[in-house]
Amino acid sequence: LGMDDPNGTQRYYIGYNDWTGINGLIEYVGNDKFSAVLQLGSTTQKYQIEHFYTTQPDTKSRKITVNGGYIKGGANYNIDDKQNVFFNAGMISRQPQFGAVFPNYANEINPDLQNEEITSFELGYGFAANDFSFNINAYTTTWGNRFVQRNLSNQQGVDGSAQFKNIDVVHNGIEFEGKYRLSNATKFKGMLSIGDWRYTKDFEAELFDDQQQSIGTGTLYLKDAKVGDAAQFTANIGVDQRITKNISMDLDYRFVDGLYADYSITDSEFTNPDNAGALKLPSYGLFDLGVTGKIGNGWTIRANINNLLDETYIAESNSNIHAS
């Protein structure tokens with residue numbers, strides 16, 4: 001496809017990506033107490049780039065083959081007819097995106113090409129009775145060896161780009177979800193999610209000018225910076241009340257905190273080792289009201305009022321500018 005490179009230079013090329021894969025699934029159900037599942041897969045990708053409107057003698061690069069794969073598994077054990085424990089684990093070797101293979105939109109293949117590595121683990125407990133049920137789980141996920149390319153402008157206003165390698169992010173957290181039936185007419189539900197998602201280290205980048213010539217290196221000081229664009233603390237509590245045989249009303253309150261700006265990792269804030277980190281947005285809480293009615297032969301009508309109290313809040317930010 002035709003695209004622009006990060007510094008705005010017009011380029012026209014086709015990127016070829018041949019993908020093949022094989023997947024397998026094994027499931028074991030021993031008895032009413034124990035069950036397990038194992039899933040495996042292997043993938044192969046072949047990359048090649050072809051340029052048009054160029055003075056290069058070779059308009060096509062050589063092909064490069066990169067292998068990847070994954071293994072995921074989990075098991076569940078029923079302690080009794082009300083309680084169960086479970087775990088899930090996985091490892092993924094994910095092939096790099098096309099831009100990481102040909103980072104300068106040229107025919108040269110990245111000499112330091114490596115797969116992204118993702119590992120995850122989850123452990124949980126469940127309880128289910130007639131009127132009360134809940135699940136609670138803890139998780140940790142590490143996503144490493146990421147490659148990111150971003151456009152930059154230096155202090156003289158010259159456009160260029162930066163290529164970041166070996167970016168690592170870790171997601172840790174606990175989650176709770178439960179339901180309680182007070183009566184046939186009144187039901188409660190709730191959830192709580194507490195996360196700690198952050199970058200694990202500082203990153204080195206190679207810098208290029210507008211002619212894609214290397215002009216040096218730079219550092220982003222992102223160690224322990226919070227991941228942006230998703231709230232790391234959320235809670236919700238709701239009630240569903242049946243008013244008549246065919247009409248019910250529900251009210252939910254949602255609280256959001258630990259929400260950080262969706263900043264670019266190349267934000268100028270992080271070029272200084274003594275930085276203020278990711279911009280945290282104000283917490284907020286919202287009420288949502290809904291009414292459901294059954295009419296006719298199997299028909300249902302629904303009406304919602306979201307943000308019932310007309311709360312003003314900041315849902316996201318695309319910049320990371322701290323107030324002085």
Side-chain angles (χ1 to χ4, degrees), residues 5-8 47 64 66 68 91-106 108-120 139-173 195-230 232 258-281 316-322:
D5 74 4
N7 59 36
Y47 303 85
I64 181 172
V66 183
M91 295 179 61
I92 303 173
S93 179
R94 176 181 173 181
Q95 287 101 328
Q97 296 184 2
F98 192 87
V101 181
F102 302 101
N104 286 326
Y105 300 89
E108 290 79 15
I109 296 170
N110 185 352
D112 299 321
L113 199 61
Q114 58 184 341
N115 284 3
E116 298 178 4
E117 302 292 339
I118 305 168
T119 59
S120 65
Y139 65 87
T140 180
T141 300
T142 301
W143 186 359
N145 290 349
R146 295 177 61 191
F147 176 94
V148 173
Q149 179 165 297
R150 292 288 186 266
N151 59 310
L152 297 173
S153 294
N154 63 18
Q155 296 178 347
Q156 289 73 39
V158 178
D159 292 331
S161 61
Q163 297 173 8
F164 298 87
K165 297 181 295 185
N166 300 324
I167 299 173
D168 292 343
V169 181
V170 63
H171 292 71
N172 296 323
D196 182 17
W197 312 339
R198 61 180 70 229
Y199 291 89
T200 63
K201 60 184 181 182
D202 301 328
F203 312 128
E204 294 290 333
E206 187 172 5
L207 308 179
F208 297 86
D209 61 17
D210 57 353
Q211 300 301 315
Q212 298 296 354
Q213 298 300 312
S214 179
I215 56 175
T217 60
T219 302
L220 282 182
Y221 298 94
L222 270 160
K223 184 178 181 180
D224 293 330
K226 292 282 192 173
V227 176
D229 199 35
Q232 300 188 27
L259 177 60
Y260 295 84
D262 185 21
Y263 55 88
S264 167
I265 64 169
T266 57
D267 192 293
S268 59
E269 178 73 29
F270 302 112
T271 59
N272 184 348
D274 186 24
N275 62 72
L279 175 66
K280 185 179 180 181
L281 305 181
E316 63 179 19
S317 171
N318 291 324
S319 63
N320 197 60
I321 304 171
H322 294 262

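Only a predicted model underlies this, so the values are computations on that prediction, with no experimental measurement involved.
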Angle between ring planes, Tyr199 versus Phe203, binned at 30° and 60°: parallel, tilted or perpendicular? perpendicular
Separation between OG1 (Thr217) and CG (Leu207), nearest 0.5 Å, reads 6.5 Å
Would you confirm whether Asp168, through its side chain, and Thr200, through its main-chain N or O, come within 3.5 Å as a donor-acceptor pair? no
Between CG on residue Leu220 and CD on residue Glu204, distance to nearest 0.5 Å: 9.0 Å
Measure across Trp197 and Ala230 and return the closest heavy-atom pair with its distance rounded to 0.1 Å. CZ3-CB, 3.6 Å
Which heavy-atom pair separates Leu113 from Pro96 by the least distance, and what is that distance? CD1-CG, 3.6 Å
Would you say the side chains of Asp202 and Thr219 form a donor-acceptor pair under 3.5 Å? no
Heavy-atom closest pair, residues Ser319 and Ala261: O-CB, 3.1 Å
Is a side-chain N or O of His171 found less than 3.5 angstrom from the main chain of Tyr139, in a donor-acceptor match? no
Results of salt bridge (Lys or Arg N to Asp or Glu O under 4.0 Å) for Glu206 - residues two or more places apart only: none
Salt bridge Lys226-Asp196, side-chain N to carboxylate O under 4.0 Å: yes
Would you indicate whether Lys201, at its atom NZ, is surrounded by more than 12 heavy atoms from other residues, nucleotides or ligands within a distance under 6.0 Å? yes
Check for a donor-acceptor pair, side chain of Glu116 on one end and backbone N or O of Trp143 on the other, with a separation under 3.5 Å. no
Nearest-0.5 Å distance, CD1 of residue Ile64 to CZ of residue Phe102: 7.0 Å
Flag, side chain of Asn172 to backbone of Thr142, donor-acceptor distance under 3.5 Å: no
More than 12 non-hydrogen atoms from neighbouring residues, nucleotides or ligands closer than 6.0 Å to CD on Gln97, yes or no? no
Between CZ of Phe164 and CZ of Arg146, what distance do you get to the nearest 0.5 Å? 12.0 Å
Working to the nearest 0.5 angstrom, can you tell me the gap between Arg94 CZ and Glu117 CD? 11.5 Å
Does the Asn275 side chain pair with the main chain of Tyr221, one donor and one acceptor, at a distance under 3.5 Å? yes
For the backbone of Leu279 and the side chain of Asn320, can you confirm whether one donor and one acceptor N or O come within less than 3.5 Å of each other? yes
For Met91 against Thr119, the heavy-atom pair lying closest together: CG-CG2, 4.0 Å
Inter-residue atom distance Asp229.CG - Asn318.CG, 0.5 Å rounding: 7.5 Å
